[in-house]
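Have a look at the structure below before the remarks.
Naming: A, B, ... by sequence-line order, numbering from 1 per chain. These numbers were taken from a predicted model, which means no experiment stands behind them. Scope of the values below: all heavy atoms of this structure, side chains included, with no hydrogens, waters or symmetry mates.
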Protein chains: 2
Amino acid sequence: MVSYKSIKAEILNGIVGRQWAPGELIPNEEDLARDYGCSRSTVNRALQELADLGILERRRKAGTRVAQRTSRGALIQIQIVRSEIEQSGRRYGYVLLHREVQAADSATAGLIDAPRGKPLLHLRCLHLADGVPYQLESRWISLVALPSARDVDFESVGPNEWLVTQVPYSRSEHIFSAAPPNAEERERLRLRPDEPVFVIERRTWLAAQALTYVRLAHPGLSYRMISREDDLLDETES
Amino acid sequence: MVSYKSIKAEILNGIVGRQWAPGELIPNEEDLARDYGCSRSTVNRALQELADLGILERRRKAGTRVAQRTSRGALIQIQIVRSEIEQSGRRYGYVLLHREVQAADSATAGLIDAPRGKPLLHLRCLHLADGVPYQLESRWISLVALPSARDVDFESVGPNEWLVTQVPYSRSEHIFSAAPPNAEERERLRLRPDEPVFVIERRTWLAAQALTYVRLAHPGLSYRMISREDDLLDETES
DNA sequence: GAGTGGTCTAGACCACGTT
DNA sequence: ACGTGGTCTAGACCACTCC
């Protein structure tokens, strides 16, 4: 029996081995099914998965081509900060610096994308790795969307860890940037002179409703955000 | 006819609407097929795609559960710098600063992951948006893997644009960081005092062979790397 | 052992988009 | 108009893994 995985692997080999160049047409499903001695459904599944990966481009009547990949994706895995630190073999530490319920003013309403005047929970926390400042977190949580957050004190559980036990989200936005530190960051993160911060900002929504906005600042000289990918090698080729 | 997309959408609605909580078991394929009045294959495709998205977890005999999503991904699209600038409505400018063939010394060999002594093409380029410095690129290309690069002058075509017309890659690594600028970056990017740079480093391989290493430095006060995602809403729900 | 998902088939009809 | 991919079906057999 010819499996769709083996067909995927063979097509990939053909691309990597330059049997088909980017932009080139590969045979249609019917021909491939005859070549491999399997049904068209099996070929279809293989080609469809390669198209989902961005490796092929398919259009009815026009056929299937090797994609010209002009943009290259990098998938960043953003973990809970605790597991990020513990997985690197370091000891995790957590301090809640500030906790306050406030009404959204125009500045914070814009950040979290919630209506002005609605109640927000504002938290500031410091995360440490082996006692060294690792991340300064400044977070707003919409109490309209997540009213139960009002009853959590966040002294022992970080907001990130609490949030993942709650609802899923349906939309998210991440912004990464490099910035000069503000006074609090310089002090709390014990930055050296001229050391910038690496900033991650994240907003999440469930349907149209804003859930949370968070700004995560890391010391620039020690923090690296890394993404590794094996694009094609997920099949067991001999 | 019940489509696999409508089943996907209904299951998603059930999850977002908390009909099924994270970790909870959803009905098996046979039951769902009877409920929806379609074949098991159709249900299978819907559930399998949701599992691929990380929204469901499936195990034979154990059934299908709503996934506990503890880590959240952000997909960064790294485009050719030219289209990145032109898509924002600005005019693209390009200057080749330096071009040199050199043998890999121990430092550069480590960066690109190629054997010491092998020939490398080293390029430094400046990319501008509306005449303002946007990105300083420092790139090494393995002439072992890509010998034809030796014959390209890179005066009019940027290395990024040339490379995508060449081979695909099979493995890549991206590192993002915030750093104080070096002297050249301060001058070429016309940085303000205390302005850090946002640095993207990328290495790519084809099978085990290193292709290229590039370090891209952006002015920290103006550059933002943004990623937006609609996790669940790719179906046409009314 | 038995229940569940994983895959394949042969056929069918349809939607789309190129020609 | 027609060639291509997109989807669905009814059935089958198998692989895994929980009990």
Give me the ring orientation class for A/F154 and A/W162: parallel if the planes are under 30° apart, tilted from 30 to 60°, perpendicular past 60°.
perpendicular

B/R59 CZ to D/dT17 C1', straight-line distance once rounded to whole Å
8 Å

With respect to the phosphate group of D/dT4, does any side-chain polar atom (N or O) of A/N28 fall under 4.0 Å of OP1 or OP2?
yes

Interface limits on DNA chain C, where chain A has a heavy atom under 4.0 Å of a nucleotide atom
C/dT7 to C/dT18

Going through the distances and angles, do A/E49 and A/R45 end up as a salt bridge (charged side-chain N to carboxylate O under 4.0 Å, His left out)?
CA-CA 6 Å; A/E49 291 198 357; A/R45 179 161 183 191; 3.2 Å; yes

Do other residues, nucleotides or ligands put more than 12 heavy atoms under 6.0 Å from B/R224 CZ?
yes

Neighbour count >12 (heavy atoms, 6.0 Å) for atom CD, A/E86
yes

Quick check: does any side chain N or O of B/N28 sit under 3.5 Å from a backbone N or O of B/E30, one acting as donor and the other as acceptor?
yes

By nearest heavy atom, map A/R45 and A/R60 onto DNA chain C; which one lands nearer the 5' end?
A/R45

Close side-chain approach of A/Y92 and A/Y134, heavy atoms under 4.5 Å:
no

Please report the C-alpha distance between B/R82 and B/E161 in whole Å, then the side-chain angles of each, then the deciding distance to 0.1 Å, and finally whether the salt bridge (charged side-chain N to carboxylate O under 4.0 Å, His left out) criterion is met.
CA-CA 8 Å; B/R82 165 183 226 121; B/E161 287 171 81; 3.3 Å; yes

Through what angle, rounded to 10 degrees, does the axis of the helix from C/dG1-D/dC18 to C/dT18-D/dA1 turn between its ends, using five pairs per end?
20°

Scan for side-chain hydrogen bond (donor to acceptor under 3.5 Å, both in side chains) pairs involving residues 140-158 of chain A, sequence neighbours excluded, and state none if there are none.
A/Q102-A/W140

